Amino acid sequence: MNAQELPLEYTSPLTDALAQLASTVEHLGLSSGVHAMLAQPRRELMVSVPLRRDDGSVAVYSGYRVQHNFSRGPAKGGLRYSPAVDIDEVRALAMWMTWKCALVDVPYGGAKGGIAIDPRTHSQAELERVTRRYTSEILPIIGPETDIPAPDMGTNEQTMAWIMDTYSSAKGHTVPGVVTGKPISLGGSLGRASATSRGVSHIALLALASRGLDPSAASAAVQGFGKVGRDAARFMSEAGVAVRAISDVDGAIFNADGINITALSAHVDATGSVSGFAGAEELDPKDVLTADVDLVIPAALEGVITADNADDIRAAIVVEGANGPTTNEADQILNDRGILVVPDILANAGGVVVSYFEWVQANQAYQWRESEVNERLEERMSRAWHSVIAYAGAHGLTYRQAATALSVQRVVEAHELRGLYP
Ligand code: GLU
């Protein structure tokens with residue numbers, strides 16, 4: 001999209017991320033120098049990724065890796081395959097990773113990577129070649145002590161296995177700590193695959209409790225039935241919440257009594273979509289976010305709750321399973337309407353928490369039990385939740401403002417202790 005085609009009200013995730021940072025800098029009274037350092041990524045790499053397609057032709061894709069900050073440790077963050085990937089999106093997502101890692105107190109900075117490619121239009125063999133070529137292009141700047149990729153939208157544990165193998169081949173020995181979200185048999189952590197969803201539902205249940213809502217009397221809607229939404233819906237349903245509305249890229253469904261998630265999962269495994277599920281009615285996908293429920297979990301794309309639909313949200317609570325699903329304008333509207341928004345950097349931090357556990361296990365060459373992983377995950381999520389509530393209460397801030405302030409404060413503290421070199 002060139003600038004002339006942009007709608008007037010268009011804001012990129014980066015515009016929102018920078019505005020969030022600016023208001024946090026003001027709240028914390030930070031200097032303009034520190035503000036400038038936090039607004040700018042420490043390192044960015046743009047690469048072109050040529051792919052020999054199965055039919056022998058060559059396609060070239062744009063790839064990115066942005067390392068936003070290293071003050072608290074190596075950069076950490078996912079790798080996204082989506083046609084919508086561009087440098088500003090990756091910059092915003094990398095900045096949010098810095099805040100997320102600081103908020104749940106894992107010893108990392110933030111990073112993000114992406115390739116502007118639609119993985120659904122490529123064979124496994126093509127995805128393997130594109131992943132290996134991208135890895136070899138960014139190889140000089142990743143590593144277990146430098147920058148550790150993980151799955152994000154459009155990538156999965158197989159992608160991580162290819163990255164690990166390509167990196168290890170170049171180094172001449174196996175380096176399991178270079179990525180997280182690997183298959184279990186290659187040193188992945190038990191509990192990693194569902195960690196983001198487990199964290200989302202843990203936080204969603206805390207949010208319901210904070211509003212005096214009992215799970216067995218509460219209802220929810222989930223946008224997205226992929227890596228985050230699917231297990232989040234399952235955990236919510238297991239906790240007794242009636243999950244009434246669910247959407248995926250192909251359609252949406254509704255059942256006022258609550259959707260049977262086990263039966264829906266079987267249907268999705270068989271057909272590839274939530275559409276056509278016998279235990280619910282079809283719904284217009286845009287109505288999932290505005291469904292008549294207590295709690296909404298956007299768990300798909302960014303920028304889905306906007307000034308256009310924020311007034312129509314009927315839920316009392318929004319728990320951000322996706323990164324950046326609510327634009328700043330919509331956030332303001334929801335806050336003015338008294339709707340509790342639990343921000344992404346808190347709500348979906350479970351993934352990177354267990355990524356950290358996976359990295360620790362790789363460094364120790366030792367595997368933890370799944371119950372141990374889940375227990376430590378919930379403990380960290382609860383700790384972060386309570387710290388955000390306390391800060392928000394003490395300073396009269398929204399949860400997003402409080403979470404960002406706590407995170408930025410921790411990053412700045414690390415930066416100041418280390419000092420500016422030279
Ligand atoms: N992509 C996930 C996120 O946005 C996980 C990142 C990670 O585990 O490094 O939080």
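None of the values given here were measured: they were computed from a predicted structure. One-based numbering, in listed order, for ligands and for the atoms of each.
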With heavy atoms under 4.0 Å as the rule, classify the contact between Glu358 and ligand 1 as side chain, backbone, both or neither.
neither
Side chain proximity check, Asp105 to Arg72, heavy atoms < 4.5 angstrom:
yes
Could you list the atoms of ligand 1 found under 4.0 angstrom from a heavy atom of Lys112?
1 (N), 3 (C), 4 (O)
Between Thr327 and Ala307, what is the shortest heavy-atom contact and its length?
OG1-N, 4.2 Å
What atoms of ligand 1 come closer than 4.0 angstrom to any heavy atom of Lys76?
7 (C), 8 (O), 9 (O)
Interatomic distance, Ile339 atom CD1 to Arg211 atom CZ [nearest 0.5 angstrom]
9.0 Å
Give a yes/no on ligand 1: does Gly181 have at least one heavy atom closer than 4.0 angstrom to it?
no
Looking only at side chains, do Ser355 and Arg192 share a donor and an acceptor under 3.5 Å apart?
yes
Should you measure from each heavy atom of Gly78, which atoms of ligand 1 turn up under 4.0 Å away?
1 (N), 6 (C)
Measure the acute angle between the ring planes of Phe357 and Trp368, then classify it against the limits of 30° and 60° as parallel, tilted or perpendicular.
tilted
Taking the basic N atoms (NZ, or NE/NH1/NH2) and the acidic carboxylate oxygens, is any pair closer than 4.0 Å for Glu302 and Lys112?
no
Any heavy atom of Pro151 under 4.0 Å from ligand 1? The part involved is backbone
Lys100: heavy atom below 4.0 Å from ligand 1, yes or no?
yes
Examine the proximity of ligand 1 to Asn323 and report which part, side chain or backbone, both or neither, has a heavy atom under 4.0 Å away.
side chain
Report the nearest protein non-hydrogen atom to atom 7 (C) of ligand 1: residue, atom name, distance rounded to 0.1 Å.
Ala150 CB, 3.3 Å
With heavy atoms and a 4.0 Å threshold, my read on which part of Arg192 contacts ligand 1 is side chain
Short list, please: which atoms of ligand 1 are under 4.0 Å from a heavy atom of Gly77?
9 (O)
Do any N/O atoms on Asn348 end up under 3.5 angstrom from N/O atoms on ligand 1?
no
Between Ser12 and Asp88, is there a side-chain donor-acceptor contact under 3.5 Å, judged purely by atom types and distance?
no
For Ala92, does its backbone N or O pair with a side-chain atom of His68 as donor and acceptor, under 3.5 Å?
no
Starting from atom 8 (O) of ligand 1, what is the nearest protein heavy atom, named by residue and atom, and what distance separates them?
Ser355 OG, 2.6 Å
Ligand 1 N/O within reach of Met97 N/O, cut-off under 3.5 Å
no
Met153 to ligand 1, any heavy atom closer than 4.0 Å
no
Are the aromatic ring centres of His267 and Phe225 under 6.0 angstrom apart?
no
Are any of the N/O atoms on Asp152, whether in the backbone or the side chain, positioned under 3.5 angstrom from an N/O atom of ligand 1?
yes
Closest non-hydrogen contact found for Met153 with Ser82 is SD-CB, 4.5 Å
What atoms of ligand 1 come closer than 4.0 angstrom to any heavy atom of Gly351?
8 (O)
Between Asn156 and Lys227, does any side-chain donor sit less than 3.5 Å from a side-chain acceptor?
no
